[in-house]
Amino acid sequence: MLMSQLYAPTLRETPAEAELASHRFMLRAGLIRRSAAGVYSFLPLGLRVIRKVEAIIREEMSKIGGQEVLMPIVQPAELWHATGRWNDYGDEMFRLVDRHNRQFCLGPTHEELITDLIRSEVRSYRQLPLRLYQIQNKYRDEIRPRFGLIRGREFIMKDMYSFDRDEQGLDESYWACYHAYERIFARCGLDARPVEADSGAIGGDVTHEFMVLADAGEDLVLYCTSCEYAANVERAEAGPVASAKAAGEQLPMEEVATPGTTTIQEITAFLGVEATQCIKTMIYLADGEPVAALVRGDHELNEVKLQRLLGCSQLELADPETIAQVTNAPVGFAGPVGLAVPIVADHAVLEMVNAVTGANKADYHVKNVNVGRDFNADKAADIRAAQPGDPCPTCGAPLTSAWGIEVGQVFKLGTKYSAALKATFLDENGKEQPLIMGCYGIGVGRTAAAVIEQNHDEHGICWPMSIAPYHVIVVPVSVKDEQQWETAQAIYKALQDAQVEVVLDDRDERPGVKFKDADLIGFPIRITVGPKSLSQGNVEVTLRKTGDRTEVPVHQITEYVVNIISKG
RNA sequence: CGGGGCGUAGCGCAGUUUGGCUAGCGCGCCUGCCUUGGGAGCAGGAGGCCGGAGGUUCAAAUCCUCUCGCCCCGACCA
């Protein structure tokens, strides 16, 4: 490909919309252009990268017996009604109505479709296991699309669905895919790590997310530095805390005036106590029913854990009116003593002695509150967010935290969809059983973006060889110099003949312009054909990632480059 | 959805507070000259319904009303 013909409109300045490195460089290097919020076109260079990521995915899916299918983006509402997700998905689903007033959605995912697709054909255990996958656009009307391809409303996703006869089969499918994902991300040049995760609306109980650790990540990951434990903060178990019970005698409860102090920070300053002595009481509405959740003052409540514990489909902080009704006080003075709604307490709260908490009375708190004597929790559970420094649930060493970009997730779904859609098979005994399902997604565009987050410098992208849009760019310092131009063309042709993906920068530009564009786009190898080296019969090979420069004789250049590429 | 901000040339922005002649600047683009190892220089040039609609006014990018779009923070999220 000639640079003068390549549709890669590079930008000198960064468009105002972009903040993250991946977003900035994808725009500046001419990989993508925005069409609407969270909706992008892929230009030739961007598409080449996407296709390479997809090719790696296809190879690895194929290795574990995955067969590719293509399913509709437009999906009928009935299937979604059958699983209840037409409602559960809420505003995140793009919905449309046809001329006959029939309802459809743009598929945010394909569990319903795939289950419908196989349920009439798969009849026998002899047809199992079955692993089907698709790579295609999916649609989610995100509340806030951002960061370019990292959180779009239209995005390319690979999803594999597995169908097995029993739990053991599911386990095999799950771990086969888990290991395929490790290979896929490694081949894309990513440092990705699997972490335990929450399964959210999609259902299921066992699940791992593959996280690319990067400051730009949207998920907080807690991991252990001395063992393999790693988990999304939504899921991370909070270990036990030191009990205060032995430390002190229970003192008589005492009401104190605390005018205008509604936050833990204000209370600790006003009363001169530690946050660890305070009980934070939050009133939630679980499917509309009020419930009080207690955590220690220095802890954060984990809503995902609370929701899972309560088994509700909607969980939100109660509005001020409800709080006033439940606690007889304005927001900021809630406490468990004498409260008439169900109380859920974090384990750490049960270990507290002589705690400070709201008095359920405007401008008052109570001191020396003790569990068992002054109030009882209806449920005690792990409902706080684990935090850095907490003991690892596996080995007890302190946990560390980091931000992660979720590039893939594997789920054991079980029978949620097969039961709802009556996808069954006959086992060896002729007995009808629901198929046991798993699903396994990879965000393709997001993976490419994550690669840039981990592989860039101030000048631009540093593509790993495996997914670089082209391997090599040949840059003659001056195309007007006959010897340089002839040599550059000869090298270009020789590399093409050797199946190298190469671009020749044939533009009559000053060298600085060509070098800047080469760095921005991120060709892993640059061959500079200039007067200095050429007088020695050499050209200069520069590696984008390391900046290493090597003089190579013109007649050896093809072999030299092919060798670098084959090493990845 | 709540809070904040922005829509003026392909990109980045000024001008809007205090209405006034032909709407500017840098980059990019086109032509010519010149230059060729890290985004050169000179000269000439093209490109705008100032997001859209309505209103006020002798006069609107500028004031008013409505609307559409985008960005950031939060809530939310396979």
Are side-chain N/O atoms of [X] and [Y] paired as donor and acceptor at under 3.5 Å?
{"X": "A/Arg131", "Y": "A/Ser173", "result": "yes"}
{"X": "A/Gln409", "Y": "A/Thr207", "result": "yes"}
{"X": "A/His110", "Y": "A/Tyr133", "result": "no"}

Using a cutoff of under 3.5 Å, can you pull out all pairs of nitrogen or oxygen atoms linking the protein to nucleotides 73-75 of chain B, with atom names and distances?
| residue | atom | partner | partner atom | Å |
| --- | --- | --- | --- | --- |
| B/C73 | OP2 | A/Arg144 | NH1 | 2.7 |
| B/C73 | OP2 | A/Arg144 | NH2 | 2.6 |

TODO: Taking only the side-chain nitrogens and oxygens of A/Arg12, find out if one of them lies under 4.0 Å from OP1 or OP2 of B/G28.
DONE: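 It does, given that an N or O in the side chain of A/Arg12 lies less than 4.0 Å from OP1 or OP2 of B/G28.
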
Name the nucleic acid region contacted by [X], choosing base, sugar-phosphate or nothing; use a 4.0 angstrom heavy-atom cut-off, strictly under.
{"X": "A/Arg526", "value": "base"}
{"X": "A/Lys480", "value": "base"}
{"X": "A/Arg549", "value": "base"}
{"X": "A/Pro531", "value": "base"}
{"X": "A/Glu92", "value": "sugar-phosphate"}
{"X": "A/Glu316", "value": "nothing"}
{"X": "A/Glu218", "value": "nothing"}
{"X": "A/Asp481", "value": "nothing"}
{"X": "A/Asp519", "value": "base"}

d([atom1], [X]; [atom2], [N]) in whole Å:
{"X": "A/Ile521", "N": "B/G38", "atom1": "CD1", "atom2": "P", "answer": "19 Å"}
{"X": "A/Phe155", "N": "B/C77", "atom1": "CZ", "atom2": "P", "answer": "15 Å"}
{"X": "A/Asp505", "N": "B/U36", "atom1": "CG", "atom2": "C1'", "answer": "13 Å"}
{"X": "A/Arg28", "N": "B/G39", "atom1": "CZ", "atom2": "P", "answer": "14 Å"}
{"X": "A/Tyr139", "N": "B/C77", "atom1": "OH", "atom2": "C1'", "answer": "19 Å"}
{"X": "A/Leu11", "N": "B/C27", "atom1": "CG", "atom2": "P", "answer": "16 Å"}
{"X": "A/Arg24", "N": "B/G12", "atom1": "CZ", "atom2": "C1'", "answer": "15 Å"}
{"X": "A/Asp508", "N": "B/U31", "atom1": "CG", "atom2": "C1'", "answer": "14 Å"}

- [ ] Determine the interplanar angle of the A/Phe25 and A/His456 rings, folded into 0 to 90°, and report it as parallel if under 30°, tilted if 30 to 60°, perpendicular if over 60°.
- [x]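 Because their plane-to-plane angle lies in the 30° to 60° range, the rings of A/Phe25 and A/His456 count as tilted.
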
- [ ] On the 0 to 90° scale, with breaks at 30° and 60°, tag the A/Phe210-A/Phe185 ring pair as parallel, tilted or perpendicular.
- [x]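 The rings of A/Phe210 and A/Phe185 sit tilted, inter-plane angle from 30° to 60°.
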
Task: Proximity to the side chain of A/Ser478 - top-ranked nucleotide from B/U36, B/C70, B/G38 - done: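 The answer is B/U36, which lies nearest to the side chain.
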
Please give the distance between the [atom1] atoms of [N] and [M] as a whole number of Å.
{"N": "B/G52", "M": "B/C70", "atom1": "C1'", "answer": "15 Å"}
{"N": "B/A53", "M": "B/G12", "atom1": "P", "answer": "23 Å"}
{"N": "B/G5", "M": "B/G48", "atom1": "P", "answer": "32 Å"}
{"N": "B/U17", "M": "B/C30", "atom1": "P", "answer": "38 Å"}
{"N": "B/C27", "M": "B/A9", "atom1": "C1'", "answer": "12 Å"}
{"N": "B/C77", "M": "B/C29", "atom1": "P", "answer": "47 Å"}
{"N": "B/G19", "M": "B/U57", "atom1": "P", "answer": "16 Å"}
{"N": "B/U31", "M": "B/G38", "atom1": "C1'", "answer": "27 Å"}

Task: Which residue lies more 5' along RNA chain B, comparing A/Thr10 with A/Gly443 via nearest heavy atoms - done: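 Mapping each residue to its closest nucleotide by heavy atoms, the 5'-most match is A/Thr10.
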
Task: Earlier contact from the 5' end, RNA chain B, for A/Gln409 and A/Gly512 - done: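 The answer here is A/Gly512.
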
Any strand counts, and the cut-off is 3.5 Å on both contacts for Watson-Crick or G-U wobble. Which nucleotide pairs with [N]?
{"N": "B/A43", "result": "B/U31"}
{"N": "B/C1", "result": "B/G74"}
{"N": "B/C63", "result": "B/G55"}
{"N": "B/C6", "result": "B/G69"}
{"N": "B/U17", "result": "none"}

Task: NZ/NE/NH1/NH2 to OD/OE distance under 4.0 Å, A/Glu300 and A/Arg384 - done: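 No salt bridge links A/Glu300 with A/Arg384.
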
TODO: Would you sort out whether A/Thr263 and A/Gln265 count as a side chain to side chain donor-acceptor pair (under 3.5 Å), showing the intermediate values?
DONE: CA-CA 5 Å; A/Thr263 65; A/Gln265 206 180 356; 5.1 Å; no

- [ ] Using only heavy-atom distances, decide whether a donor-acceptor pair under 3.5 angstrom links the side-chain of A/Glu13 to the base of B/G28.
- [x]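 By the distance-only test, no, there is no pair.
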
- [ ] Return the set of residues passing side chain to side chain contact (heavy atoms under 4.5 Å, CB included) with A/Trp485 (not counting sequence neighbours), or none when no residue passes.
- [x]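 In terms of side chain to side chain contact (heavy atoms under 4.5 Å, CB included), with neighbours along the sequence ignored, A/Trp485 is linked to A/Pro476, A/Val479, A/Gln489, A/Leu504, A/Asp506.
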
Open item on the list: Closer than 3.5 angstrom, by distance alone: can the side chain of A/Gln454 be matched with the main-chain N or O of A/Leu213 as a donor-acceptor pair?
Closed with: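 Looks like yes, one N/O pair under 3.5 Å.
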
- [ ] Indicate the atoms forming the closest heavy-atom contact of A/Asp382 with A/Ala236, along with that distance.
- [x]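 Nearest pair, atom of A/Asp382 first, then A/Ala236: OD2-O, 4.4 Å.
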
